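One structure is given here, and the rest of the page talks about it.
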Protein chains: 2
Amino acid sequence: MTKWVYGFGGGRADGSSKMKALLGGKGANLAEMSSLGLPVPPGFTITTEVCTHFYAHGRSYPAALEAEVEAAIAKVEGELEMRFGDAGNPLLFSVRSGAPVSMPGMMDTVLNLGLNDETVQGLVAASRDERFAYDSYRRFIQMYADVVLEVDHYLFEEALEAAKAEADCRFDNELDAAALQKLVATYKRIVRKQTGEAFPEEPRVQLWGAIGAVFGSWQTPRAVTYRRLHDIPSAMGTAVNVQAMVFGNMGSDCATGVAFTRNPSTGERSVYGEFLVNAQGEDVVAGIRTPQPLSRAMAESGSFSADESMETLLPDSYAELVSVFDRLEAHYREMQDVEFTIQRARLYVLQTRTGKRTAPAALRIAVDMAAEGLISEDEAILRIDAASLDQLLHPTLDPDAAAEVIARGLPASPGAASGKIVFLADDATRAAQAGEDVILVRVETSPDDIHGMHAARGILTSRGGMTSHAAVVARGMGKACICGVSELLISATEKTVTVRGRTLNEGDWITIDGAAGIVMLGQVPTVDPVLSGDFATLMGWADKKRHLKVRTNAETPLDARAAVGFGAEGIGLCRTEHMFFQEDRIVAMREMILSPDVEGRRRALAKIEPVQRDDFVELFEIMKGLPVTIRLLDPPLHEFLPHAAAEDEAVAAATGVDIKLVRRRVAELREANPMLGLRGCRLGILYPEIYEMQARAIFEAALVVFEKSGETVTPEVMIPLICSARELELIKARIVAVAEAVEADRGRKLTYEIGTMIELPRAALRAGEIALHASFFSFGTNDLTQMTLGLSRDDAGRFLDTYLHEEIFASDPFQSLDQDGVGELVQLAVERGRAARPDLKLGICGEHGGDPASIDFCHRQNLDYVSCSPYRVPIARLAAAQAALRGA
Amino acid sequence: MTKWVYGFGGGRADGSSKMKALLGGKGANLAEMSSLGLPVPPGFTITTEVCTHFYAHGRSYPAALEAEVEAAIAKVEGELEMRFGDAGNPLLFSVRSGAPVSMPGMMDTVLNLGLNDETVQGLVAASRDERFAYDSYRRFIQMYADVVLEVDHYLFEEALEAAKAEADCRFDNELDAAALQKLVATYKRIVRKQTGEAFPEEPRVQLWGAIGAVFGSWQTPRAVTYRRLHDIPSAMGTAVNVQAMVFGNMGSDCATGVAFTRNPSTGERSVYGEFLVNAQGEDVVAGIRTPQPLSRAMAESGSFSADESMETLLPDSYAELVSVFDRLEAHYREMQDVEFTIQRARLYVLQTRTGKRTAPAALRIAVDMAAEGLISEDEAILRIDAASLDQLLHPTLDPDAAAEVIARGLPASPGAASGKIVFLADDATRAAQAGEDVILVRVETSPDDIHGMHAARGILTSRGGMTSHAAVVARGMGKACICGVSELLISATEKTVTVRGRTLNEGDWITIDGAAGIVMLGQVPTVDPVLSGDFATLMGWADKKRHLKVRTNAETPLDARAAVGFGAEGIGLCRTEHMFFQEDRIVAMREMILSPDVEGRRRALAKIEPVQRDDFVELFEIMKGLPVTIRLLDPPLHEFLPHAAAEDEAVAAATGVDIKLVRRRVAELREANPMLGLRGCRLGILYPEIYEMQARAIFEAALVVFEKSGETVTPEVMIPLICSARELELIKARIVAVAEAVEADRGRKLTYEIGTMIELPRAALRAGEIALHASFFSFGTNDLTQMTLGLSRDDAGRFLDTYLHEEIFASDPFQSLDQDGVGELVQLAVERGRAARPDLKLGICGEHGGDPASIDFCHRQNLDYVSCSPYRVPIARLAAAQAALRGA
């Protein structure tokens, strides 16, 4: 015979956590806790099979149900020594829905079920708090009428407002018992008027009404839509959980509290939490009374005396609570966040769940639990949200500081920073040299602004997305950055920024939290990161497990050094164009672009070559023999010319080129879609002299370093934007010729590799042919995403939110790799490339190289390495280990 | 025993056309002609195996070779009754290389081999032309010294110049026999000085020298590079062809001429050609003497009397020639272009090859030959170059007219047109209304210029490629257009265009030939197209064979009518945005874009809706029940706003919107890469009201047409730029809702389909999911090419030439589909789409839909239809038939 009702409580349960399909998630968990011997308020679960029966039989129940419910009620009554509907000491119930998967679209909870004009007197007597009892009663009526009887809740709110007006008070809690009692009567009148029937006084009628409402809620349009959107089968059905109410406000032997089994801020293993004697759960949160600490130690470390602790005041309950904590951790093998109530000296655990914690606490807890033998090292590795490591490496807002948030944007680069507003990169440099902290505020940034970004403490832009120039560069520098704060109206000429009607001027202080994407007024205190030994321990464990190497995207000595400090195993992407924007080079670069012929270009390039070579020498020295992948010039040439017409004259003067020619060349180079224009290897095909200069600088630098240190450098020369094998073949031949010339000049052999970016869909498709000319592939997933989705990173910001909201994109495809689309191209390229050349080295150097989900994908594709910005190297190391463990 | 030498001549041959690998292409053809009984000058071929032996044995010959060559020489001598080296009646040879595949990088020809101081006297006697004999001798020395002895040819040219200076004459042919005899001596001195040895007088030494030079030329760096670039294996080797020289200038029983077996201008079946008595081949071409017609008929139809014809003057040879023609056509089953020489009344065919012909001639010849039973209908279909049909549909330059070409550009849209230069679209409209012919000359065109393009006879731009706006629109209109003439410096403000230093003004006449891409000064006469019955006949045959349906890309009634006239079977792409640029609509469109909220947008759209509906009504009526695929709004909204800041005020005035708001909105809508920005279905997701308006206009138009004519219209609503199934799902739901609302309003059921463009790589990859929501796919191969190759059509022009020249691209990927890259995505999408939905309708609507090679690809992918601009519909019909025949 089918069992329709599963009881729990008193240290035993009919069900278990494995019976989610039958009992729903909530019911299964209550059963589990109860079986563990935890003091859960007793109750029972009506199974999902009843729901199925309900709909299969014209909304009626199985014949045996009523008897089973009655038996379950009797068990609860026995356990608590109270009776449902008893006027003297009434047992009250909560009624909740609970489907096998979480469904926020379902029925709300009904609490305090069982109250009526008689039983409320019992509650008055038990709690010795008339006000509490009537407040509970009127809340119950309002909740029940809303959820079960479908009476519009605003009618009750109006009545409540009227009552407050009559009592001349502002807040609900100022109404006295008499006023609340009157309100109960008013509420009942509303119900009669709206439904045509009296509010049900009989507790069993209330209970069956609530049960029916839960089952009925399974097929509301809201729930049906939710299930359709989330692919949840309707046949699953919901369970109903009926559980005894317990109260912490029935005297001085009552209490209520919340606790963590370990310190959620630091991760320290100690009882951590607060409680209030003779109080309800909401009092702890409401802040009307100040909650007291649980342990003596915690009390003494704060502003309390040990005598105010639960450990002193309720020593038996405290001891029981601590033993509950041990049992919980032993069972769940995780730090728990526990809600408890003590009703007449009896401890009840209302809820336990995995406790939220700060990133440092997460780290400590994982490492400690592994040391305690509670979990394995592998589990410790998997416990840390790799992305959260960002918090360990950057300054964070002082959690105790007050702050006025004035705008929100995209959390483009983590870290918190305060500074005075500046609007121009040059101003940032000047202020920084004068020892001032500044935040650079721009509509968007361009390579011209790099020096200002270096000088600033943080960057704030009104345009651009998570992979805009500002975002990418700031992450590389490890600087706080918020992008795309569209509310900002920035006037760089007037040096003002207006937001929500408030105008800020140059020199005004603001604080930005790049991890949260919030902009605050004034100087909000921040906390510098401190890396604990736990970090090194966990990273050590992770490094043993991962298969993927982790490299960094870096071109400046600063970035390269930071990355090596974070454990980078090489440079996966050195963007040489970033080296051309410094003042000593940009003039020569512009001369090159403005030259009418190849001789002129060669002359200008000859000026750049020695500086470029010195750059590489420094990088190679920092990287001490680790691999360095250098991408030859990639962006369209117009990026090096002035963007504003006003600057043309300055350029003409600096380069000694006729102003008319400058203007003509600027006009000639303008492109409708620069992303799809004359860039990448197309430059190398049209102007071979550029790549030849770069190749020479690289090879000579390698020999200089060898001659100085004896260290053999094996540069990896990377050709960008290849769409066909033939491009690579042509350019490779020229680079090999340069290498041979350098070898002949210097009388020394070079070791080097030549490979390519795979960043166009065609390159991925033709990877088999391309691999014949490449010793490595580096997936440029930023551009590959742009091309595959037909989506410009710079322009997508305007509709990306809508796309995420409409669930067209599960996540920003520039942050987390679109595995279904872009991922298939990567997979095809890996297969075809390796088939053509089994020793092909494979890596990824897009922004995705620092994203844990994308790193997991790279691991599954069996790539050799990921490359990411320096501050993401630890994230990548951990994520790579997690991927390996998940894959094993 | 290996046979090293294969003889031919006298109506028989050792080899045949099947022996290309052994005899080379040329040798095999000579053998074939000889076997056919054609009077080929006799000779012999030294096989490619000798070449292999030559390189395998230290550049030495097989032992038996010399004897075989001697025997072959003897046969030739017997056949011609002349002897090699005979001072009285010397046999002379030509020596040529001939590899199995054509290789322009190989050795030049050596003619007149066998001449020396003695034999030249025999040539004087035989030709009775001392000047000719010495001229032949000095040319032989120069050629032999250059090709065989590797003496720099400029030394001979200097000597020739010196001789002319001495004789005080300007042209080579003014030197008399004495001067030439002296020159021979000078040439020999040069050879001795440069080589240290005397010029070889002995004919057999000359012969072996030339043979050795041919074999040696196989491994020159030039030949090796050529083979590497064209994947020709080196092991193949070359053959050497030694053939008797015959002369048409040895008396009045000698002649030389060229002939076509049919009229190459008209295709008429009649002897067509010219000859000269007592002349060399080069005299016919040189134009010093006027060649005479072959037939009496031809003579009479021109400026000759029948007595001057070969038919009259050399009746036997003429009769023989006509019978040769019949034999040639019967054998080759193609119109032949024949070179012949008559030496002492003996006819020799020197060369026969497939004759070049005009497009009308090709058509007539194919249809006639099928009628004659010479070829099948299928062969006739395959004989026509589908792309050449363009010539039949557009005006062409009068072939007899003189023209001064002033610039060249991309042949963007065929047709020839003359007109006065105008620089602005409005000026074009005004001039056209005044009855003037104008050519619109612009840097580039935009949708703003459409009315001017309609008004102009042709369009000329200095920027943009074959698929630029100007090119696409002009082809759609069937107007002549040349794009990307980068030499033009256009100043629309000063109304001048400067090219190669010459400045033209508004009102000056120019003529453009859009098929050739040439710009000419003044009014060059053109010839209007006349479609013959042959065209209809061939198209009828083609239509029976093809599997692909042919639709057109059209949105204006003009285009739609033209396309139906050319046999279009529906509209495959109606770009609704083209309908928004007309003056009565652009204002409402701008109001819509400038509206701050959805209500404002709806108000503006309500003004557009009736005009849009009327447009569709007209299109549906023209198409008479044929399918019409309507693409919803695709381009970014900023395309509808002014491009120049100066126009902002006019827009503000017209729309009644504050100028500041106009400026802000223009700035907001600006995009870094519009091609990858807020366009296509992204507009439909962000502003659902736009697509809803369009859907309503379409559905109501369908019902209007039904109510008027009883014709059921089944519009195909097409959603552009889908990258995920979810986008389509969302938009489709809204369109279906509109359809249901229209059905409810009108009380009538609609029939319609909803489908999507596949134009993003991701859409191709996810085609399986997308197909679940689409009843058809239309491959937008223009954008798919842009995304797959990361290549903007608007910007690629600057490097496309280099890419073609460097053989990175075999052809412009925007003209002919990149089958390896883009094609694989199409193939994947076809497979996945059909697997998910077997009845999925598949078509292509990019520019490639009118390109024969791409149509062949579409046939192989088993698509349902191609769609192309109206004037390409006949091309597509023919190309589709050819694809079907090739595939069968």
Side-chain angles (χ1 to χ4, degrees), chain A residues 444 464 486 489 636 668-680 682-683 685-686 721 723-727 729-730 759-766 769 783-796 798-799 802-803 806-809 813 818 820-825 828, chain B residues 444 463-464 486 636 668-680 682-683 685-686 721 723-727 729-730 759-766 769 783-796 798-799 802-803 806-809 813 818 820-825 828:
Chain A
E444 56 199 341
S486 50
L489 292 173
E668 273 174 10
L669 288 174
R670 196 177 296 137
E671 294 187 306
N673 292 285
M675 192 54 64
L676 309 173
L678 178 49
R679 52 176 287 244
R682 295 162 192 173
L683 293 168
I685 297 284
L686 252 71
L721 214 75
C723 83
S724 82
R726 175 98 179 114
E727 288 169 312
E729 186 187 9
L730 287 169
E759 50 188 336
L760 297 178
R762 191 179 200 278
L765 295 167
R766 308 308 297 170
E769 294 161 11
D783 277 8
L784 193 58
T785 300
Q786 295 199 94
M787 309 303 172
T788 306
L789 276 66
L791 197 66
S792 157
R793 310 190 262 179
D794 296 324
D795 303 311
R798 295 224 310 285
F799 51 94
T802 308
Y803 265 55
E806 297 276 10
E807 299 181 24
I808 296 167
F809 293 155
D818 159 36
D820 286 347
V822 179
E824 183 178 2
L825 287 176
L828 280 174
Chain B
E444 56 200 340
R463 264 207 212 151
S486 51
E668 273 174 9
L669 288 174
R670 196 177 296 137
E671 295 188 305
N673 292 285
M675 192 54 65
L676 309 173
L678 179 49
R679 52 175 288 242
R682 295 162 192 171
L683 293 169
I685 296 284
L686 252 69
L721 214 74
C723 82
S724 82
R726 175 99 179 115
E727 288 169 312
E729 186 187 8
L730 287 170
E759 49 187 338
L760 297 179
R762 192 180 199 279
L765 295 167
R766 308 308 298 170
E769 293 161 11
D783 277 7
L784 193 58
T785 299
Q786 296 199 93
M787 308 302 171
T788 306
L789 276 65
L791 197 67
S792 157
R793 310 191 261 180
D794 296 324
D795 303 311
R798 295 225 309 286
F799 51 94
T802 308
Y803 264 56
E806 296 277 9
E807 301 182 22
I808 296 166
F809 294 154
D818 159 37
D820 286 346
V822 179
E824 184 178 0
L825 287 176
L828 280 174

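Letters A, B, ... mirror the listed sequences (proteins, then strands); counts begin at 1. Given the structure is predicted, the values throughout are model-derived calculations rather than measurements.
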> What distance separates A:I808 CD1 from B:R726 CZ, expressed to the nearest 0.5 Å?
Replying inline: 7.0 Å
>> Among B:D783, B:T802, B:L686, B:L825, which residue has the highest count of heavy-atom pairs closer than 4.5 Å to chain A?
In response: B:L686
>> So for B:L683, is it side chain, backbone, both, or neither that comes closer than 4.5 Å to the heavy atoms of chain A?
In response: neither
> Looking at A:I685, A:L765, A:T788, which makes the most heavy-atom pairs under 4.5 Å with chain B?
Replying inline: A:T788
>> Quick check for you: to the nearest 0.5 Å, what is the distance between A:N673 atom CG and B:D795 atom CG?
In response: 6.0 Å
> What distance separates B:L676 CG from A:T785 OG1, expressed to the nearest 0.5 Å?
Replying inline: 12.0 Å
>> Suppose we screen for side-chain contact (heavy atoms from CB on, under 4.5 Å). Which residues come up paired with B:E444, at least two apart in sequence or across chains?
In response: B:R463
> In chain order, what residues pass the salt bridge (Lys or Arg N to Asp or Glu O under 4.0 Å) check against B:R766, with sequence neighbours excluded?
Replying inline: A:D820, B:E769
> Where on B:E824 is there a heavy atom nearer than 4.5 Å to chain A: the side chain, the backbone, both, or neither?
Replying inline: side chain
> Most heavy-atom pairs under 4.5 angstrom with chain B, which of A:A672, A:C723, A:G821?
Replying inline: A:A672
> Of all of B:P674, B:A796, B:G790, B:G680, which one pairs up most often with chain A through heavy atoms under 4.5 Å apart?
Replying inline: B:G790
> Checking heavy atoms, do the side chain of B:L730, its backbone, both or neither come under 4.5 Å from chain A?
Replying inline: side chain
>> Less than 4.5 Å to any heavy atom of chain B: does that hold for the side chain of A:L489, its backbone, both, or neither?
In response: neither
> In Å and rounded to the nearest 0.5 Å, what is the CZ to CG distance from B:R762 to A:L791?
Replying inline: 10.5 Å
> Between B:S724, B:G677, B:S792, which has the largest tally of heavy atom pairs under 4.5 Å with chain A?
Replying inline: B:S792
> What heavy-atom pair brings B:L760 and A:L789 nearest, and what distance separates the two atoms?
Replying inline: CD1-O, 3.3 Å
> Taking all non-hydrogen atoms of both residues, which atom of A:E668 and which atom of B:R798 are closest, and how far apart?
Replying inline: O-NH1, 3.6 Å
> Using non-hydrogen atoms only, which part of A:D818 is less than 4.5 Å away from chain B: side chain, backbone, both, or neither?
Replying inline: side chain
>> Which one wins on heavy-atom pair count under 4.5 Å against chain A: B:E729, B:E759, B:M675, B:R679?
In response: B:M675
